[in-house]
Structure formats: structure tokens, C-alpha cells
Colleague: 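Would you mind keeping the following structure in view while I ask a few things?
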Amino acid sequence: MPSTDPRFPNVSIYDHPLIQHKLSIMRDRRTEHEQFRQLLNQITGLMAYDVCRNLPVRALEVETPITRMTGAQLAAPTTIVPILRAGLAMMDGLLALFPEAHVGHVGIYRDEATAQPVTYYAKFPPGVADGPVILVDPMLATGGSAAHAVSLLKEKGCRDIRLVCLVAAPEGIAALHAAHPDLPIHVAAVDERLNERFYIVPGLGDAGDRIFGTQ
Ligand code: PRP
Ligand code: URA
């Protein structure tokens with residue numbers, strides 16, 4: 001089970017030793033992009049189990065080799081939405097658990113000078129509002145990108161939105177909570193602060209660059 005921190009409403013912190021071990025390797029500047037990607041997917045998969053704990057289910061009549069019984073099935077299709085680029089590298093970990101999930105995409109980058117989010121792409125499957133949405137992005141810094149993506153999903157009528165991040169800054173959590181107080185946020189770590197360039201400290205650097213080897 002994730003833990004909670006009274007400073008951060010709606011935030012579940014995944015401080016499991018296995019997750020913290022893998023995250024520490026990711027933070028190391030010497031870790032190359034292949035291992036970085038593998039670890040990001042592994043951590044996402046480990047987090048996904050609890051992110052999905054309260055997914056709605058409905059009764060399902062099942063005939064076992066012995067008798068009939070009432071089992072359960074997920075009540076609505078789940079849509080996974082990565083925030084491009086970096087969120088793409090969390091998809092394999094989630095789709096391994098949810099091979100039947102629908103997938104949407106939001107393309108957002110931060111303007112380098114202002115750190116304001118710029119949206120360049122958004123496409124969601126029909127019926128995205130009919131079930132839970134798992135929004136994924138490894139980094140929650142100022143919170144601008146995630147807040148914008150949540151607003152786009154709410155405009156589509158989505159009500160059950162869950163954000164999964166790897167590392168968050170307290171400033172970003174506060175901003176996101178102010179914009180979307182109803183949003184559950186799942187993180188592997190809450191770091192100290194943002195620096196003057198709006199990077200997370202200690203963080204792990206630029207996630208997209210480390211995933212795709214573009215720095
Ligand atoms: C990173 C990260 C988030 C965003 C977080 O993306 O993946 O989307 O920054 O910052 P924020 O909370 O201040 O909005 P980036 O803008 O570097 O784009 P990229 O994934 O295309 O590299
Ligand atoms: N985006 C990143 O990839 N890293 C940060 O520290 C902040 C925003």
C-alpha cells in the first residue's frame with residue numbers, strides 16, 4: 001500500500017523498497033537510456049496494481065468446472081493517456097496489465113523560457129469518458145503540463161482521472177491540487193523543490209532526454 005503525507009492531499013506515495021531501489025538507479029546520471037526505460041516501465045507496473053485498487057467492477061456469472069458462481073469484471077473500459085513524450089515510456093508497464101485498455105495521447109512540451117505548457121497534439125478514443133482514465137507522465141514539476149492534460153480530459157467529460165508520476169515537486173503538487181482538487185495523484189517520490197529553471201531537485205534531470213537519448 002502506498003503511504004500518505006498530510007502536506008499533500010490526494011497524493012499516494014509509493015515508498016516500497018523495490019520501487020525506491022529502482023528509482024535510485026534511474027536518478028544516477030550514469031544510468032543509460034536503455035536501463036532507464038526498463039526501470040521506468042517496471043516501476044509503473046508496480047505502481048499500477050494500487051492505482052487500480054478501486055476500479056469499479058460489476059458482477060459476472062461464471063461457470064467453473066465445478067459449479068456456477070458470481071465473479072467480477074471491470075465495469076468500464078479503462079483508457080491510458082501518456083503525456084508525450086516522456087509518458088510514452090510508461091506504456092509497456094501499464095499495457096502488460098491492461099492489454100485491453102484503450103489509449104489516448106496528449107502532446108505537451110514546456111516552453112524552455114517560461115516553463116508554460118504548449119499543447120501540440122490531443123487524440124482520445126471514443127467513449128473515453130465512459131470509464132476511468134490513467135494519465136501518465138514521469139515528471140510533475142510546475143504541474144502545468146498535467147493540469148492542462150486533466151483540463152482537456154475534463155472537457156471530454158472524463159470524471160474518473162488518475163495521474164501516475166514518478167517524481168513530483170511540492171510546488172507542482174500544490175498547483176495541480178489548486179487547479180484540480182478532485183484529482184488523485186500517484187507518485188514514487190516527492191522531492192525537495194524546483195530550481196530556478198523549474199527542474200526538480202534532486203530529481204533525475206530531463207526525463208524525455210534520458211528516455212530517448214536526446215540530450
Ligand atoms: C516534461 C515532463 C512533463 C513536464 C513536467 O516534459 O515529461 O511533461 O516536463 O513539467 P511541468 O510540471 O513543469 O509542466 P517536457 O516539457 O520536457 O517535454 P518532452 O516530454 O517532450 O521532453
Ligand atoms: N521535466 C523533466 O523532465 N524534469 C524536470 O525536472 C522537470 C520537468
Side-chain angles (χ1 to χ4, degrees), residues 8 10-11 13 22-41 43-44 47 80-94 103-124 133-154 161-181 183-215:
F8 306 120
N10 297 359
V11 178
I13 305 170
K22 291 173 186 291
L23 175 57
S24 298
I25 299 171
M26 293 183 71
R27 289 184 190 273
D28 188 328
R29 63 186 307 158
R30 295 167 302 180
T31 299
E32 298 284 355
H33 56 268
E34 184 181 1
Q35 189 183 15
F36 192 92
R37 281 199 295 260
Q38 275 176 355
L39 291 166
L40 179 54
N41 269 312
I43 294 175
T44 308
M47 293 176 71
I80 303 171
V81 178
I83 300 180
L84 312 182
R85 292 178 296 169
L88 280 177
M90 301 168 79
M91 291 304 288
D92 288 351
L94 278 166
V103 179
H105 295 90
V106 184
I108 301 177
Y109 69 88
R110 297 198 313 178
D111 180 285
E112 291 215 347
T114 63
Q116 291 302 305
V118 180
T119 304
Y120 58 89
Y121 187 76
K123 193 159 183 109
F124 304 112
V133 175
I134 303 178
L135 180 66
V136 297
D137 189 331
M139 307 307 278
L140 178 61
T142 66
S145 304
H148 197 65
V150 172
S151 295
L152 290 175
L153 287 164
K154 285 185 173 175
I161 307 170
R162 303 153 192 234
L163 175 67
V164 184
C165 299
L166 192 63
V167 180
E171 297 91 326
I173 292 173
L176 192 52
H177 185 64
H180 299 290
L183 179 76
I185 306 171
H186 302 262
V187 299
V190 180
D191 275 8
E192 287 169 23
R193 61 185 170 85
L194 294 177
N195 69 12
E196 60 292 345
R197 292 177 53 227
F198 304 104
Y199 275 80
I200 300 173
V201 179
L204 46 71
D206 188 304
D209 283 346
R210 296 199 61 189
I211 290 163
F212 297 110
T214 46
Q215 73 263 51

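If you read the sequence from its start, that first residue is 1, and numbering goes on from there. Note that ligands are numbered from 1 as they come in the structure, with each ligand's atoms numbered from 1 the same way.
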Colleague: Touching ligand 2 at all, Arg210? Heavy atoms, strictly under 4.0 Å?
Modeller: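 Judged by the 4.0 Å heavy-atom criterion, Arg210 does not count as contacting ligand 2.
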
Colleague: Please say whether Pro138 places an N or O atom under 3.5 Å from an N or O atom belonging to ligand 1.
Modeller: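 Among all N and O atoms of Pro138, none is under 3.5 Å from an N or O of ligand 1.
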
Colleague: Can you tell me the protein heavy atom closest to atom 5 (C) of ligand 2 and the distance?
Modeller: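 For atom 5 (C) of ligand 2, the nearest protein heavy atom comes out as Tyr199 CD2, 3.4 Å.
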
Colleague: What atoms of ligand 2 come within less than 4.0 Å of a heavy atom belonging to Ile200?
Modeller: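 Those atoms are 5 (C), 6 (O).
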
Colleague: Taking Leu176 as the fixed residue, which of Asn10, Leu163, Val11 is the one that meets the side chain to side chain contact (heavy atoms under 4.5 Å, CB included) rule?
Modeller: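 Going through Asn10, Leu163, Val11 one by one, the side chain to side chain contact (heavy atoms under 4.5 Å, CB included) with Leu176 is satisfied by Leu163 alone.
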
Colleague: What atoms of ligand 2 come closer than 4.0 angstrom to any heavy atom of Phe198?
Modeller: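 Near Phe198, meaning under 4.0 Å from one of its heavy atoms, ligand 2 has 7 (C).
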
Colleague: Would you check if the side chain of Thr114 reaches a backbone N or O of Gln116 as a donor-acceptor pair within less than 3.5 Å?
Modeller: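 Yes, Thr114 side chain to Gln116 backbone: donor-acceptor pair under 3.5 Å.
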
Colleague: Could you work out, for atom 3 (C) of ligand 1, the closest of Val136, Asp111, Asp137 by heavy-atom distance?
Modeller: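 Answer by nearest heavy atom: Asp137.
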
Colleague: Can a donor-acceptor pair be found, under 3.5 Å and without considering hydrogens, that links the side chain of Asn41 to the backbone of Asp92?
Modeller: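 Pair found, side chain donor or acceptor close to backbone of Asp92.
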
Colleague: In the protein, which heavy atom is nearest to atom 14 (O) of ligand 1, and how far is it?
Modeller: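 Closest protein heavy atom to atom 14 (O) of ligand 1: Ser145 OG, 2.6 Å.
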
Colleague: Distance to 0.1 Å, residue and atom name: give those for the protein heavy atom nearest to atom 22 (O) of ligand 1.
Modeller: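 The closest one turns out to be Arg85 NH2, 2.9 Å.
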
Colleague: Compute both the distance and the angle, then confirm whether Arg110 meets the cation-pi test with Tyr199: under 6.0 Å from the six-membered ring centre, within 45 degrees of the axis.
Modeller: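 So Arg110 does make the cation-pi contact.
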
Colleague: Which residue supplies the protein heavy atom nearest to atom 1 (N) of ligand 2, what is that atom called, and how far is it?
Modeller: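 Going by distance alone, atom 1 (N) of ligand 2 is nearest to Met139 CB, 4.0 Å.
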
Colleague: Rounded to the nearest 0.5 Å, how far does CD1 of Ile80 lie from CG of Leu135?
Modeller: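 It comes to 11.0 Å.
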
Colleague: Testing the basics here: between Ile83 and Ser145, what is the closest heavy-atom pair and its distance to 0.1 Å?
Modeller: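 What the structure gives for the nearest pair is CD1-O, 4.2 Å.
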
Colleague: Judged by non-hydrogen atoms, does Gly205 sit under 4.0 Å from ligand 2?
Modeller: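 In this structure, Gly205 qualifies as a contact of ligand 2 - some heavy atom is under 4.0 Å.
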
Colleague: As a test of the contact definition, would atom 1 (C) of ligand 1 count as having a protein heavy-atom neighbour under 4.0 Å?
Modeller: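 Neighbour list for atom 1 (C) of ligand 1 is empty of protein heavy atoms (cut-off 4.0 Å).
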
Colleague: Is it the case that Thr214 and Arg85 place a side-chain donor and acceptor less than 3.5 Å from each other?
Modeller: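 A donor-acceptor contact under 3.5 Å links the two side chains.
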
Colleague: Which atoms of ligand 2 have any heavy atom of Ala141 under 4.0 Å away?
Modeller: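 Selected atoms, number and element: 7 (C), 8 (C).
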
Colleague: Side chain or backbone of Ala86 under 4.0 Å from ligand 1, or both, or neither, by non-hydrogen atoms?
Modeller: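 Both backbone and side chain.
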
Colleague: Looking only at N/O atoms, are Tyr109 and ligand 1 under 3.5 Å apart anywhere?
Modeller: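 N/O-N/O distance under 3.5 Å: no.
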
Colleague: Give the residue and atom name of whichever protein heavy atom lies nearest to atom 5 (C) of ligand 1, and the separation in Å to one decimal.
Modeller: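 The answer is Met139 O, 3.5 Å.
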
Colleague: Would Gly143 count as a contact residue for ligand 1, given that I'm defining contact as a non-hydrogen atom of the residue lying under 4.0 Å from a ligand atom?
Modeller: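 Heavy atoms of Gly143 do come under 4.0 Å of ligand 1.
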
Colleague: Minimum heavy-atom separation for Ile211 to Ala86, with atom names?
Modeller: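 Here Ile211 and Ala86 meet closest at CD1-O, 3.6 Å.
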
Colleague: Going by distance only, is there an N or O of Leu140 that falls short of 3.5 Å from an N or O of ligand 1?
Modeller: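 For ligand 1, there is no N or O atom that lies under 3.5 Å from one belonging to Leu140.
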
Colleague: So, does His105 use its side chain to make a donor-acceptor pair with the main chain of Val81 at under 3.5 Å?
Modeller: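 No, the answer is negative, given that no donor and acceptor are paired below the 3.5 Å cut-off.
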
Colleague: For Arg210 and Met26, work out which heavy atoms get closest and say how close.
Modeller: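 Result for this residue pair: NH1-O, 2.8 Å.
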
Colleague: Quick check for you: to the nearest 0.5 Å, what is the distance between Leu40 atom CG and Lys22 atom NZ?
Modeller: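 Those atoms lie 11.5 Å apart.
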
Colleague: Does atom 12 (O) of ligand 1 have a protein non-hydrogen atom under 4.0 Å from it?
Modeller: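 Yes, there is one.
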
Colleague: Which protein non-hydrogen atom lies closest to atom 17 (O) of ligand 1, naming both residue and atom, and how far is it?
Modeller: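 In this structure, atom 17 (O) of ligand 1 has Asp206 OD2, 3.9 Å as its nearest protein heavy atom.
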
Colleague: By number and element, which atoms of ligand 2 are closer than 4.0 Å to a non-hydrogen atom of Ala207?
Modeller: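 The atoms of ligand 2 under 4.0 Å from a heavy atom of Ala207 are 2 (C), 3 (O).
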
Colleague: For the pair Thr31 (side chain) and Ile25 (backbone), establish whether a donor and an acceptor sit closer than 3.5 Å, ignoring hydrogens and angles.
Modeller: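 Indeed, once roles are kept as given, a pair shorter than 3.5 Å links the two residues.
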
Colleague: Return the residue, atom name and 0.1 Å-rounded distance of the protein heavy atom closest to atom 10 (O) of ligand 1.
Modeller: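 Among all protein heavy atoms, the one nearest atom 10 (O) of ligand 1 is Arg110 CD, 3.1 Å.
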
Colleague: Should Asp191 and Arg27 count as an ion pair when the cut-off is N to O under 4.0 Å?
Modeller: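 Yes, this pair counts.
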
